[in-house]
**Student:** 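Supplied in structure tokens, the structure appears directly below.
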Number of protein chains: 2
Amino acid sequence: MIFSKSTEYAIRATMFLCLNSSGNECFKINTIASAIDSPPFFTSKILQTLVRQNIISSTKGPNGGFYVDKKSKPIILYDLIIAVEGPDFFDKCLLGLSTCTEKNPCPLHKDFKKHKEELKQLFKKKSVSDIMTENNNGKINLKI
Amino acid sequence: MIFSKSTEYAIRATMFLCLNSSGNECFKINTIASAIDSPPFFTSKILQTLVRQNIISSTKGPNGGFYVDKKSKPIILYDLIIAVEGPDFFDKCLLGLSTCTEKNPCPLHKDFKKHKEELKQLFKKKSVSDIMTENNNGKINLKI
DNA sequence: AACATAATATGATTTTTGTCATGTGTGTTA
DNA sequence: TAACACACATGACAAAAATCATATTATGTT
Ligand code: FES
Ligand code: FES
């Protein structure tokens with residue numbers, strides 16, 4: 001709805017990693033892709049950008065794959081989104097004007113500002129593992 | 001941010017029409033496009049889909065153009081958005097799953113549901129002319 | 001050294017965005 | 001009324017971006 005497919009895959013894949021890695025196991029891209037119903041090669045490319053930005057990790061070779069380092073700091077959803085969509089994702093104008101400011105607001109700015117800020121704060125507050133533990137009474141739904 | 005360029009242009013153009021039409025004047029596409037900084041031919045095509053869906057009106061020939069019928073019912077933002085993005089825009093899953101339901105929710109559903117509903121209601125409540133009158137203390141900003 | 005897998009590069013495909021040419025209806029004018 | 005100009009309507013086309021697929025390379029494991 002508001003994210004690109006790339007971001008959707010990035011979040012779903014990272015959720016899968018957080019959910020299934022208890023130690024420091026690796027998951028190869030085919031495992032991940034079939035677990036979240038995504039095109040494997042495309043997903044791999046997206047995960048690589050997450051690796052480069054130190055959101056997740058990877059190792060090559062046999063028994064290699066992608067993983068999340070449980071010992072490093074938790075993965076904040078906001079950082080994950082920004083990593084794929086770009087740093088100004090939450091600061092864009094709803095109507096596509098070049099800047100979203102109080103000084104030169106578009107007609108919808110006043111009404112939309114609050115919701116935008118709330119969404120931003122929601123994603124800044126929650127980590128992927130937060131989401132996983134909040135939902136672990138039912139089963140986690142990551143497939144189409 | 002959450003809309004396609006098409007929808008952004010649709011909203012900006014309709015705002016321009018509401019703002020500038022006191023009687024039933026027409027505005028030709030070049031006037032509209034330069035007023036909202038949009039590609040004229042592309043914008044024209046978008047406005048034509050709005051005409052087909054009875055959101056705005058148009059007349060051909062000299063002194064023709066696009067206009068909003070002041071006597072017909074106000075243009076609700078929700079209807080405008082749906083007309084371009086499609087009828088299920090506000091019912092999509094944030095993570096791209098096929099359905100957004102309480103029965104099979106994605107991990108973010110619980111946290112996102114409230115905000116999605118609020119946004120939906122915001123757009124359902126406000127008409128384009130509402131927005132125009134709310135903002136008419138400053139000058140209306142529709143250009144990039 | 002052989003193998004498995006991520007990383008990288010590259011290309012194909014699809015969707016979105018934008019442009020062009022032509023058709024069609026409408027009003028003006030002679 | 002006939003010619004003409006005007007501006008939307010329509011569909012073909014092009015460029016750009018996003019998405020998806022394949023091949024090659026590099027690297028770590030055994
Ligand atoms: S200026 Fe448009 S949302 Fe802030
Ligand atoms: S199921 Fe994903 S937002 Fe409702």
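Protein chains get the first letters and strands the later ones, always in sequence-line order, with residue 1 at the start of each.
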**Student:** Whole Å only: how far is the CD atom of B:Glu8 from the P atom of C:dT17?
**Tutor:** 8 Å
**Student:** Output yes when at least one side-chain N/O atom of B:Thr59 is less than 4.0 Å from OP1 or OP2 of D:dA7, else no.
**Tutor:** no
**Student:** Starting at atom NZ of B:Lys45, determine the distance to atom C1' of D:dA14, rounded to an integer number of angstrom.
**Tutor:** 11 Å
**Student:** Contact class for A:Ser6 (heavy atom, under 4.0 Å): base, sugar-phosphate, or nothing?
**Tutor:** sugar-phosphate
**Student:** Which listed nucleotide (C:dG18, C:dG27, C:dA4) is nearest to the side chain of B:Pro62?
**Tutor:**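 Of C:dG18, C:dG27, C:dA4, C:dG27 is nearest to the side chain of B:Pro62.
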**Student:** In whole angstrom, what separates B:Phe3's CZ from C:dT16's P?
**Tutor:**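 Checked: the CZ to P distance equals 16 Å.
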**Student:** Mind telling me whether B:Phe3 and B:Phe89 have parallel, tilted or perpendicular rings, with 30° and 60° as the class edges?
**Tutor:** tilted
**Student:** Assuming nearest nucleotide by heavy-atom distance, tell me which of A:Lys60 and A:Ser4 is located more 5' along DNA chain D.
**Tutor:**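 The answer here is A:Ser4.
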**Student:** Taking atom P of C:dT15 as reference, at what distance in whole Å does atom CD of B:Glu85 sit?
**Tutor:**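 To the nearest whole Å, that distance equals 16 Å.
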**Student:** Can you tell me the distance, in whole Å, between the CD1 atom of A:Ile29 and the P atom of D:dT22?
**Tutor:** 15 Å
**Student:** Go through B:Thr31 and B:Phe16 one step at a time and tell me if the side-chain contact (heavy atoms from CB on, under 4.5 Å) criterion holds.
**Tutor:** CA-CA 10 Å; B:Thr31 306; B:Phe16 171 83; 4.3 Å; yes
**Student:** Nearest of C:dT24, C:dA7, D:dT19 to any side-chain atom of A:Val51?
**Tutor:**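 Of all the options, the side chain of A:Val51 is nearest to C:dA7.
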**Student:** Reckon A:Arg52 has a side-chain N or O less than 4.0 Å from the OP1 or OP2 of C:dT8?
**Tutor:**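 Indeed, a polar side-chain atom of A:Arg52 lies that close.
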**Student:** Decide side-chain contact (heavy atoms from CB on, under 4.5 Å) for B:Ile131 and B:Met15; before the verdict, give the C-alpha distance in whole Å, the side-chain angles of both, and the deciding distance to 0.1 Å.
**Tutor:** CA-CA 8 Å; B:Ile131 303 288; B:Met15 283 177 168; 3.9 Å; yes
**Student:** Counting only side-chain N and O atoms of B:Lys28, is one of them less than 4.0 Å from OP1 or OP2 of D:dA7?
**Tutor:**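 Yes, such a contact exists.
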**Student:** Expressed as a whole number of angstroms, how long is the span from A:Ile144:CD1 to D:dC20:P?
**Tutor:** 9 Å
**Student:** Is the phosphate of D:dA5, meaning OP1 or OP2, less than 4.0 Å from a side-chain N or O of B:Asn63?
**Tutor:** no
**Student:** Does B:Tyr9 put a side-chain nitrogen or oxygen below 4.0 Å from OP1 or OP2 of C:dT17?
**Tutor:**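 For C:dT17, OP1/OP2 do not have a side-chain N/O of B:Tyr9 under 4.0 Å.
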**Student:** Between B:Ser58 and D:dA9, is there a side-chain N or O to OP1/OP2 distance below 4.0 Å?
**Tutor:**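 Checking D:dA9 against B:Ser58, a side-chain N or O does come within under 4.0 Å of OP1 or OP2.
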**Student:** Expressed as a whole number of angstroms, how long is the span from A:Phe66:CZ to D:dT27:C1'?
**Tutor:** 14 Å
**Student:** For A:Gly61 and A:Phe41, find the nucleotide of DNA chain C closest to each by heavy atoms; which residue's nucleotide sits nearer the 5' end?
**Tutor:**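 Here A:Gly61 is the residue nearer the 5' end.
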**Student:** D:dA9 P sits how many Å from B:Phe42 CZ, rounded?
**Tutor:** 16 Å
**Student:** Indicate, with a heavy-atom threshold strictly under 4.0 Å, whether B:Phe27 touches base, sugar-phosphate, or nothing.
**Tutor:** sugar-phosphate
**Student:** Evaluate the side-chain proximity of A:Lys5 to A:Glu8: yes if any heavy-atom separation is below 4.5 Å, no if none is.
**Tutor:** yes
**Student:** Mind telling me whether A:Phe90 and A:Tyr78 have parallel, tilted or perpendicular rings, with 30° and 60° as the class edges?
**Tutor:** parallel
**Student:** Share the residues that join B:Tyr67 in a hydrophobic cluster, the rule being Ile, Leu, Val, Met, Phe, Trp or Tyr side chains under 4.5 Å apart at the heavy-atom level.
**Tutor:**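 None, because no other hydrophobic side chain comes under 4.5 Å of this residue.
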**Student:** Taking the nucleotide of DNA chain D with the nearest heavy atom to each, does B:Gly64 or A:Lys5 sit closer to the 5' end?
**Tutor:** B:Gly64
**Student:** Side-chain N or O of B:Gln48 versus OP1/OP2 of D:dA9: is the shortest distance under 4.0 Å?
**Tutor:**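 For B:Gln48, the contact criterion (side-chain N or O under 4.0 Å from OP1 or OP2 of D:dA9) is met.
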